[in-house]
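Read the structure below first, then the notes.
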Protein chains: 2
Amino acid sequence: MATGSSGSRPKRRSRRPSVEVLRVGHRPGRDPRLTTHLALAARVFGAERMHLHPPDPELADRIGRVVARWGGHFEVVPADDWKKVVRTFDGAVVHLTMYGESLTRVLSRLARYRRILLVVGGAKVPPDLYRLSTFNVAVGHQPHSEVAAVAVTLERLRGLPRPGRFAGARRTIVPQARGKKVLEREHGA
Amino acid sequence: MATGSSGSRPKRRSRRPSVEVLRVGHRPGRDPRLTTHLALAARVFGAERMHLHPPDPELADRIGRVVARWGGHFEVVPADDWKKVVRTFDGAVVHLTMYGESLTRVLSRLARYRRILLVVGGAKVPPDLYRLSTFNVAVGHQPHSEVAAVAVTLERLRGLPRPGRFAGARRTIVPQARGKKVLEREHGA
């Protein structure tokens with residue numbers, strides 16, 4: 001990632017920011033599918049990893065198997081202490097909440113940052129999160145889906161995914177107007 | 001919606017298209033939260049209704065209560081026969097599938113349509129859907145979330161939600177940099 005510039009807050013964005021996601025208040029018994037969707041959406045739109053609080057090794061393994069097959073470097077990492085992830089993050093912490101400022105208004109301010117952490121809470125968001133975040137941002141001030149909010153924010157920050165395989169993919173889709181075409185790569189030495 | 005022009009395929013898009021969503025293969029026992037997220041995302045990004053196959057009256061009621069409180073005209077309507085919804089739709093039928101053409105490439109062709117039906121399948125998509133759709137479109141050729149795909153496509157078609165209350169809302173959020181501010185409107189006569 002050497003781009004000849006130092007520091008995490010250049011005046012102008014010279015490239016797409018690197019983005020990580022933090023999911024706070026996951027309920028392993030109840031949320032597996034929603035959090036799986038969150039992780040898959042984060043991956044496809046180019047996030048580097050999802051910190052998961054509380055940790056859920058089974059879910060992390062499931063996403064790891066997707067990555068092994070479809071490529072890329074996305075990972076789900078355990079976050080026993082979500083505040084530590086927020087406090088030590090070297091960039092903008094963007095808490096996605098229906099109560100925050102409009103994404104439209106915040107986007108230009110986000111353009112200064114090289115690194116962005118998108119934080120989404122569960123049903124009960126810890127009040128501290130509003131204070132610890134650099135920005136509290138709403139993608140629509142309405143009851144909503146955190147999967148949708150993360151996907152749309154990532155798309156606005158990094159653009160639509162480009163066609164083509166992720167690095168190291170064993171399986172790749174060839175876009176089709178009708179039907180399905182998938183290339184499988186043999187396991188090599 | 002009188003705009004002085006007739007027909008559903010004007011040469012240039014003069015305004016944001018009206019969008020509906022069709023969810024095929026919902027599993028009432030297993031999917032309630034995911035399909036709820038799908039409906040909420042569709043609503044916040046300005047879809048008019050979600051056709052739900054098979055019907056799920058409980059879910060439709062739950063979304064109805066959100067609309068009663070937060071305003072707008074979004075509704076979940078039962079679709080016993082999903083093919084009929086697709087066949088009778090007066091506009092472009094856009095099947096969102098990881099196997100389709102890139103959204104980036106299809107967007108300019110979609111700009112001709114006044115009315116768009118976004119179709120998302122469940123785990124098993126009926127093969128007929130590929131054939132019956134006007135477009136098969138991928139928001140990233142990767143394992144994905146239908147919630148994310150619908151949200152991002154809607155955002156690309158209609159833009160980010162604007163702040164402010166939906167028509168008839170009893171509850172409205174006032175955007176805040178920190179914390180929460182909600183206005184409750186009294187029940188009037």
Side-chain angles (χ1 to χ4, degrees), chain A residues 30-31 33-34 36-41 43-45 66 69-72 97-105 127 130-131 133 135-136 138-152 154-156 159-166 172-182, chain B residues 30-31 33-34 36-38 40-45 66 69-72 97-105 127 130-131 133 135-136 138-152 154-156 159-166 172-182:
Chain A
R30 221 190 140 197
D31 284 348
R33 300 188 66 226
L34 268 180
T36 298
H37 276 235
L38 189 64
L40 292 177
R43 174 181 173 272
V44 74
F45 287 105
V66 171
R69 182 174 295 162
W70 293 93
T97 163
M98 65 195 278
Y99 301 102
E101 300 180 89
S102 289
L103 177 59
T104 319
R105 299 181 62 122
Y130 290 89
R131 184 175 51 80
S133 299
F135 302 99
N136 292 279
V139 184
H141 297 91
Q142 297 288 330
H144 204 336
S145 163
E146 59 266 35
V147 179
V150 162
V152 166
L154 265 167
E155 195 279 321
R156 279 306 185 105
L160 285 169
R162 297 169 190 169
R165 60 199 286 270
F166 278 35
T172 313
I173 287 170
V174 183
Q176 302 286 303
R178 309 272 162 205
K180 308 178 183 181
K181 185 170 182 182
V182 182
Chain B
R30 224 193 138 194
D31 284 349
R33 301 189 66 225
L34 268 180
T36 299
H37 276 236
L38 190 64
L40 292 176
R43 174 182 173 272
V44 74
F45 288 105
V66 171
R69 184 174 292 162
W70 293 93
T97 161
M98 64 195 279
Y99 301 102
E101 299 180 90
S102 289
L103 177 59
T104 320
R105 298 180 62 124
Y130 289 90
R131 184 176 51 80
S133 300
F135 301 99
N136 292 280
V139 184
H141 298 89
Q142 297 288 330
H144 204 334
S145 162
E146 58 266 35
V147 180
V150 162
V152 166
L154 266 167
E155 194 277 321
R156 278 306 187 105
L160 284 169
R162 296 169 191 167
R165 60 199 287 272
F166 278 35
T172 313
I173 286 170
V174 183
Q176 303 285 302
R178 310 273 162 203
K180 307 179 183 181
K181 185 169 182 182
V182 182

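A note on names: the letters A, B, ... follow the listed sequences, proteins ahead of strands, and every chain is numbered from 1. Just so you know, these numbers come straight off a predicted model, no measurement behind them.
Residue Val150(A): no heavy atom, backbone or side chain, is found under 4.5 Å from chain B. Only the side chain of Arg43(A) comes within contact range of chain B, judged by heavy atoms closer than 4.5 Å. Both the backbone and the side chain of Glu101(A) have a heavy atom closer than 4.5 Å to some heavy atom of chain B. For Phe166(A), the parts sitting under 4.5 Å from any heavy atom of chain B are the backbone and the side chain alike. With a 4.5 Å cut-off on non-hydrogen atoms, Ala138(B) does not touch chain A at all. Only the backbone of Arg131(A) comes within less than 4.5 Å of a heavy atom in chain B; its side chain stays farther off. With a 4.5 angstrom heavy-atom cutoff, Val66(A) touches chain B only via side-chain atoms.
Of the inter-residue distances, the one linking His37(B) atom NE2 with Leu34(A) atom CG reads 4.5 Å to the nearest 0.5 angstrom. The line from NZ of Lys180(B) to OH of Tyr130(A) is 4.0 Å long, rounded to the nearest 0.5 Å. Ile173(A) CD1 to Gln142(B) CD: the interatomic distance, rounded to the nearest 0.5 Å, is 7.0 Å. The line from CG of Leu160(A) to OG1 of Thr104(B) is 4.5 Å long, rounded to the nearest 0.5 Å.
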Full working for side-chain contact (heavy atoms from CB on, under 4.5 Å) between His144(A) and Leu40(B): CA-CA 5 Å; His144(A) 204 336; Leu40(B) 292 176; 5.6 Å; no
Stepwise side-chain contact (heavy atoms from CB on, under 4.5 Å) check, Arg165(A) with His141(B): CA-CA 8 Å; Arg165(A) 60 199 286 270; His141(B) 298 89; over 6 Å; no
Criterion side-chain contact (heavy atoms from CB on, under 4.5 Å) on Asn136(B) and Arg178(A), from CA distance to verdict: CA-CA 6 Å; Asn136(B) 292 280; Arg178(A) 309 272 162 205; 3.6 Å; yes
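Looking only at side-chain heavy atoms (C-beta outward), Arg33(A) and Arg33(B) stay at 4.5 Å or farther from each other. Counting heavy atoms from C-beta outward, Met98(B) and Trp70(A) have side chains that approach closer than 4.5 Å. Residues Pro175(A) and Tyr99(B) are not in side-chain contact: their nearest non-hydrogen atoms beyond the backbone lie 4.5 Å or more apart.
With chain B as partner, the option from Leu103(A), Leu154(A), Val174(A), Val44(A) having the largest number of non-hydrogen pairs under 4.5 angstrom is Val44(A). Among Thr172(B), Asp31(B), Val182(B), the residue with the largest count of heavy-atom pairs under 4.5 Å with chain A is Asp31(B). Options Gly72(A), Gly71(A), Ser133(A) differ in how many heavy-atom pairs under 4.5 Å they form with chain B, and the most are formed by Ser133(A). For chain B, the option among Gly140(A), Ser102(A), Ser145(A) with the highest count of heavy-atom pairs below 4.5 Å is Ser145(A). Most heavy-atom pairs under 4.5 Å with chain B, from the set Gly100(A), Ala151(A), Ala149(A), Ala39(A): that is Gly100(A). Of the listed residues (Arg105(A), Arg162(A), Glu146(A)), the one with the most heavy-atom contacts under 4.5 Å to chain B is Glu146(A).
Here the shortest heavy-atom pairing between Ala41(A) and Ala148(B) reads CB-CB, 3.7 Å.
Taking the ring-ring contact (aromatic ring centres under 6.0 Å, His included) definition, one finds that Phe135(A) meets it with nothing, sequence neighbours left out.
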